[in-house]
Protein chains: 2
Amino acid sequence: MTQTGQRHEEAIAGVRDFNRFYTRFLGALNEGLLRSPYSLSESRILYELGTRHSVTASQLSAELGMDPAYLSRLLKKLREADLVLASASAEDGRATVLSLSKPGREAFANLDRASHEEISNILMPLGPDGASTLVGAMQRIRAALDPSTTENPPYVIRPHRIGDIGIIISRQGALYAQEYGWDGTFEGFVAEIAGGFLKSYDPKREHCWVAERHAEVVGSVFLVDAGGGTAKLRMLWVEPSTRGLGIGGRLVNECIRFARDTGYERMTLWTNDILVSARRIYEKAGFRLVAEERHHSFGKDLVGQNWDLEL
Amino acid sequence: MTQTGQRHEEAIAGVRDFNRFYTRFLGALNEGLLRSPYSLSESRILYELGTRHSVTASQLSAELGMDPAYLSRLLKKLREADLVLASASAEDGRATVLSLSKPGREAFANLDRASHEEISNILMPLGPDGASTLVGAMQRIRAALDPSTTENPPYVIRPHRIGDIGIIISRQGALYAQEYGWDGTFEGFVAEIAGGFLKSYDPKREHCWVAERHAEVVGSVFLVDAGGGTAKLRMLWVEPSTRGLGIGGRLVNECIRFARDTGYERMTLWTNDILVSARRIYEKAGFRLVAEERHHSFGKDLVGQNWDLEL
DNA sequence: GTCATTTGATTGACTTTGTCAACAAACTAT
DNA sequence: ATAGTTTGTTGACAAAGTCAATCAAATGAC
């Protein structure tokens, strides 16, 4: 078998394994829900009605993947229990618009609270970090299996936290090795600079921003004081898998804004000519190329560039 | 609301969202399975019997979370269809040992193949990388929700590769912050040392070892030349979740062996008295405490220690 | 050894859940 | 106007699952 074939087989086994595991997990969760007086299907209906504004029976049936006949009977039962209100639709005489009555909303709130609490109890022992890795992993699964719903995936730009810097070093080292063949000294170079930054940066005049998506660090940039009213932008990096979302531009803009607010008069940065996508970001932000020089670093012959921006 | 409270709420919402999504996803998968002549429950029984060697009805009922009465009826049906064989248990006269007959194994193979193909079709469009991120995310979820299944998988000690150093920095920074409350300068300290090492280490006389488990870096140590025939062991670290496997001892032993082979006359290391588990490893390896001094670093008052070992 | 208790498997009697076909009323397209 | 859809409903069933009772074998206390 080919090596990719091998990996494919392992992936299939992994997914099947997870599916069996998660089937049991969801089963256990639903058992908790069964302590409520409503059946699973009824709960799902209540949930759907509780979170959407107005739905018709046919929409419900489509969205819950439920048989219309069965749904009709369940709705009848819920109407008789005064939990659900049905009114004829204005646009379509056949359709009935469904909504929750006051006691229905109460029932929904109870269900919602119970479910919320159940999940909360599961997350508690994981701690905040464990919980966010968990949720990040879930988002990644969803993004993989259902690309349509996550077309506009959110990311946040935030200040760095403990542990971020190492990730930034690792990813940059691996990335430039893979894309441009730079050797291990590049990772060392980044580590030394970033380490020096951490040890002695001035929070009022210097800063590191991190882009995070799905609980993963996917980009970063540093702004340091170069003296003489000049701020230096360093080590801009965006994970290739997230390119095209404008993360690089956002990071650079954060830098510029911070530099302006802090009172710097100009910004400067050093990069290499082969980093084309970074170059475009700098141009767009208003930077001008002011000097180039050849150098040999990280096992390659490179052309370094200095870019400036008057603030 | 507090900031952690906020994050907790978001995590809960994320998990609930994922659960709704995955319920639908699993439902869709099971529909594919329903094209087989067996019901979902029957399929689950066949699957369980097909993958395990011998099971009793009560074990099955416990593992599948199925009512014994219902299971009994399903088994009767499967026995009548000649798919399942039942024989009295040798140890327990009440229990019946279940297994698949020849046609039963065939039926299982068909089910298995169908499920395999279904997953394969889902993974295909993701490509090998997409598939392995997916499976990785699933494993992380499982590890978070079901820590018991963490068996005792082997680890390997190997030289560092590009990207490892950043991970080492990140994990150490996060770990010492969490366990001892050290501030961000510690991550910077580690980054600077590790970065300097990468930039200019002599591969013949200096080395970094990494412990890897589950394709994850879980420990590391550096050995550097301190001059005058002395080798310095630096930054020993083992991920707490893997403690007790002897990884720390293995790493230190690698260092000692390398130092001997390289012709160093003695080894030295610097650590802090609060790192008790590291201290035990050094003692066991033959190191002697030679000096202690108080210092203020990483936001804490600490007691530094020097340990020596004659080779 | 005996006797009460527990455990494994089964059965009868039942409820809940879900499916299928048929149908009327309302809508759409021509 | 009319043929064809769509929406919601009902009857008739089938499948899935539950609960209490039962029996036989095993276990534990004495």
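Hydrogens, waters and symmetry mates are skipped; everything else that's a heavy atom, side chains included, is used. Proteins get letters first, then strands, A, B, ... in listed order; numbering begins at 1 in each.
In this model, a donor atom of one side chain and an acceptor atom of the other lie less than 3.5 Å apart for Asn110(B) and Arg113(B). Thr56(B) and Ser58(B) are linked by a side-chain donor-acceptor pair at a separation below 3.5 angstrom, with hydrogens and angles left out of the test.
Between Thr56(B) and the phosphate of dG8(C), there is no side-chain N or O to OP1/OP2 separation shorter than 4.0 Å. Proximity of Thr96(A) to the phosphate of dG8(D): a side-chain N or O atom is located under 4.0 Å from OP1 or OP2.
Between Ser41(A) and Arg94(A), the residue anchored closer to the 5' end of DNA chain C is Ser41(A), taking for each the nucleotide with the nearest heavy atom. For Glu42(B) and Ser58(A), each mapped to the nucleotide of DNA chain D holding its nearest heavy atom, the one lying further toward the 5' end belongs to Ser58(A).
Following rounding to the nearest Å, Leu74(B) (CG) and dG17(D) (P) show an atom-to-atom distance of 8 Å. In this structure, the NZ atom of Lys76(B) is 8 Å from the C1' atom of dT11(C), given to the nearest Å. Counting to the nearest Å, the C1' atom of dT7(C) and the CG atom of Leu60(B) are 16 Å from each other. In this structure, Leu75(B) atom CG and dT11(C) atom P are separated by 11 Å, rounded to whole Å. For the pair Ile45(A) CD1 and dG18(C) C1', the computed distance is 13 Å after rounding to whole Å. The interatomic distance linking Leu71(A) (CG) with dT9(D) (P) rounds to 9 Å, in whole Å. For the pair Leu78(B) CG and dT10(C) P, the computed distance is 12 Å after rounding to whole Å. A straight line from OH of Tyr70(B) to P of dA15(D) spans 10 Å, rounded to a whole angstrom.
Contacts of Ser89(B) with the nucleic acid, taken as non-hydrogen atoms under 4.0 Å apart, are absent. Contacts of Ser61(A) with the nucleic acid, taken as non-hydrogen atoms under 4.0 Å apart, are absent.
A salt bridge is defined here as a Lys NZ or Arg NE, NH1 or NH2 lying under 4.0 Å from an Asp or Glu carboxylate O, and Glu283(B) with Arg279(B) meets this definition. Salt-bridge check for Arg161(A) with Glu212(A): passed, with a basic side-chain N closer than 4.0 Å to an acidic carboxylate O. Between Arg213(A) and Glu239(A) there is no salt bridge, since no side-chain N of the basic residue sits under 4.0 Å from a carboxylate O of the acidic one. Of the charged side-chain nitrogens involved, at least one lies within less than 4.0 Å of a carboxylate oxygen, so that Asp112(B) and Arg16(A) count as a salt-bridged pair.
Annotation: the span from Ile45(A) atom CD1 to Leu74(A) atom CG amounts to 4.5 Å, rounded to 0.5 Å.
Comparing atom distances between the Ser72(A) side chain and each of dT7(D), dT9(D), dA9(C) picks out dT9(D) as nearest.
In the region residues 62-69 of chain A, proximity to DNA chain D at under 4.0 angstrom, judged on heavy atoms, holds for Pro68(A), Ala69(A).
Residue-to-nucleotide contacts include no donor-acceptor pair under 3.5 Å from the side chain of Arg73(A) to the base of dT16(C).
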